2 protein chains.
Amino acid sequence: MKSSRECIEYIRPVRDVLDIINGKWKLPILISLSFGNKRFKELEKEVEGITPKMLSKELRDLEMNQLIIRSVYDTVPVSVEYSLSEYGKSLDSVIDALREWGKKHRNKLFAKL
Amino acid sequence: MKSSRECIEYIRPVRDVLDIINGKWKLPILISLSFGNKRFKELEKEVEGITPKMLSKELRDLEMNQLIIRSVYDTVPVSVEYSLSEYGKSLDSVIDALREWGKKHRNKLFAKL
DNA sequence: TATACCAGTATACTAAAGTATACCGGTATA
DNA sequence: TATACCGGTATACTTTAGTATACTGGTATA
């Protein structure tokens with residue numbers, strides 16, 4: 001049994017990550033972008049159920065935290081492309097861990113039926 | 001570049017996990033319990049900033065999803081102890097990944113100052 | 001000519017998360 | 001006798017997350 005202080009120290013970095021990727025949509029968006037750069041409407045289709053308002057807001061948050069890059073191309077009309085930054089790509093270990101656990105969890109749920 | 005369908009399949013298990021551990025408090029609570037069984041008031045201190053109302057609600061959610069166990073001991077007055085279930089313990093890989101990334105993120109933030 | 005695509009914004013709303021503060025009855029401690 | 005601990009609950013509130021629906025102006029397509 002370790003000290004309470006040690007435990008609090010341990011929690012801190014996790015809280016920092018949660019501040020950035022918390023919520024229903026941010027990780028799904030990042031995963032979608034890990035499959036390739038996407039335009040707004042493509043994301044809207046691939047992140048099932050998200051509304052344009054939420055997508056717009058979440059993309060802004062992710063860009064602010066430098067996890068994704070928004071590129072505007074000078075076409076007519078302008079086209080906008082979203083991509084993962086290198087920093088965003090470094091979240092893949094987190095996503096892998098979540099995904100592995102999620103798959104186990106699904107199996108557990110189905111096994112019960 | 002993979003298919004959109006493949007991407008959506010990839011997202012699904014992650015959304016399942018998020019349904020269970022989403023929010024500001026659940027992971028901190030689980031981490032605290034990973035350091036040893038705790039009583040209600042102990043958790044209230046160790047998960048800094050949480051109010052008893054939120055703690056109570058989150059503990060109920062976590063218990064419902066079988067990630068933690070609530071044991072009531074027949075003392076006078078009764079004492080209540082919370083512990084991680086085996087299933088809850090299996091989240092350690094997720095927590096490790098989050099923690100590692102969080103530590104890197106902190107370093108990045110401090111490096112900027 | 002009508003329709004659809006693009007990258008969102010506008011408005012209005014509901015639901016959930018989270019905060020603040022006070023309180024309970026019973027027990028143990030000072 | 002006063003205070004603090006225990007495991008919470010009660011009430012009231014604010015903030016954030018999320019939903020629903022409609023719309024924009026310019027372009028390309030049928």
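Sequence lines set the chain letters: A, B, ... in the order given, protein chains first and strands last, and positions in each chain run from 1. Owing to the predicted nature of the structure, the values given are computational and were not obtained by experimental measurement.
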A.B. asks: For the atom pair NE2 (B/H105) and CD1 (A/I20), what is the distance rounded to the nearest 0.5 Å?
C.D. replies: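 If we round to the nearest 0.5 Å, B/H105:NE2 and A/I20:CD1 are 3.0 Å apart.
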A.B. asks: With a cut-off of less than 4.0 Å, is there a side-chain N or O of A/R39 near OP1 or OP2 of C/dA7?
C.D. replies: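 It does, given that an N or O in the side chain of A/R39 lies less than 4.0 Å from OP1 or OP2 of C/dA7.
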A.B. asks: Charged N to carboxylate O under 4.0 angstrom, B/E86 versus B/K89?
C.D. replies: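 B/K89 and B/E86: salt-bridged.
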A.B. asks: Does B/S56 reach a base, just sugar-phosphate, or nothing at all? Heavy atoms under 4.0 Å.
C.D. replies: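 Result for B/S56 = sugar-phosphate.
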A.B. asks: I need the CZ-C1' distance between A/R60 and D/dT16, as an integer number of Å.
C.D. replies: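 Atom-to-atom, A/R60 to D/dT16, this comes out as 14 Å.
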A.B. asks: Quick check on D/dG8: is either OP1 or OP2 less than 4.0 Å from any side-chain nitrogen or oxygen of B/Y82?
C.D. replies: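 For B/Y82, the contact criterion (side-chain N or O under 4.0 Å from OP1 or OP2 of D/dG8) is met.
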A.B. asks: Looking at the side chain of A/K57, which of D/dA17, C/dA7, D/dT19 is the nearest nucleotide?
C.D. replies: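 Looking only at side-chain atoms, A/K57 lies closest to D/dA17.
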A.B. asks: Closest approach to the side chain of A/E58, judged atom by atom: which nucleotide of D/dG18, C/dT27, C/dA17 is it?
C.D. replies: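 Closest nucleotide among those given: D/dG18.
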A.B. asks: Report the distance from atom CG of B/D19 to atom P of D/dG18, rounded to the nearest whole Å.
C.D. replies: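 These atoms are roughly 11 Å apart.
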A.B. asks: Atom OH of A/Y73 and atom P of C/dA7: how far apart are they, to the nearest Å?
C.D. replies: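 Going from OH in A/Y73 over to P in C/dA7 covers 12 Å.
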A.B. asks: Of B/G49 and A/E44, whose nearest nucleotide on DNA chain C comes first from the 5' end?
C.D. replies: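 Closer to the 5' end of DNA chain C: A/E44.
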A.B. asks: Can you tell me the distance, in whole Å, between the CG atom of A/L27 and the P atom of D/dA17?
C.D. replies: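 Whole-Å distance recorded here is 14 Å.
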A.B. asks: Within the 4.0 Å heavy-atom criterion, would you say B/P77 contacts the bases, only the backbone, or no part of the nucleic acid?
C.D. replies: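 B/P77: backbone/sugar contact only, no base atoms under 4.0 Å.
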A.B. asks: Rounded to whole angstroms, how far apart are CD1 on A/I29 and P on C/dA7?
C.D. replies: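 In whole Å, C/dA7 P lies 15 Å from A/I29 CD1.
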A.B. asks: Has B/K24 got a side-chain N or O lying under 4.0 Å from the OP1 or OP2 atom of C/dT19?
C.D. replies: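 Result: yes.
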A.B. asks: State which of D/dG18, C/dA7, C/dA20 makes the closest approach to the side chain of A/S79.
C.D. replies: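 Side chain of A/S79 sits closest to C/dA7.
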A.B. asks: Got a salt bridge between A/E63 and A/R70, using NZ or NE/NH1/NH2 to carboxylate O under 4.0 Å?
C.D. replies: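 So A/E63 does not pair with A/R70 through a salt bridge.
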A.B. asks: To the nearest Å, how far apart are A/E42 CD and C/dA7 P?
C.D. replies: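 Taking atom P of C/dA7 as the reference, CD of A/E42 is at 8 Å.
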A.B. asks: Grab the CG-P distance between A/D74 and C/dC6 for me, whole Å please.
C.D. replies: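 Whole-Å distance recorded here is 19 Å.
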A.B. asks: Quick check: closest heavy atoms across B/L18 and A/P28, and the distance to 0.1 Å?
C.D. replies: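 Scanning both residues completely, I find the closest heavy atoms to be CD1-CD, 4.0 Å.
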A.B. asks: Find the distance A/K41:NZ to C/dG8:C1' and express it as a whole number of Å.
C.D. replies: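 Distance check: A/K41 NZ to C/dG8 C1' gives 7 Å.
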A.B. asks: Between A/K53 and B/I50, name the one whose nearest nucleotide on DNA chain C is closer to the 5' end.
C.D. replies: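 Between the two, 5'-proximity favours A/K53.
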A.B. asks: Using a strict 4.0 Å threshold on nitrogen-to-oxygen distance, state whether A/D61 and A/K57 make a salt bridge.
C.D. replies: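 Salt bridge between A/D61 and A/K57, a charged N being under 4.0 Å from a carboxylate O: yes.
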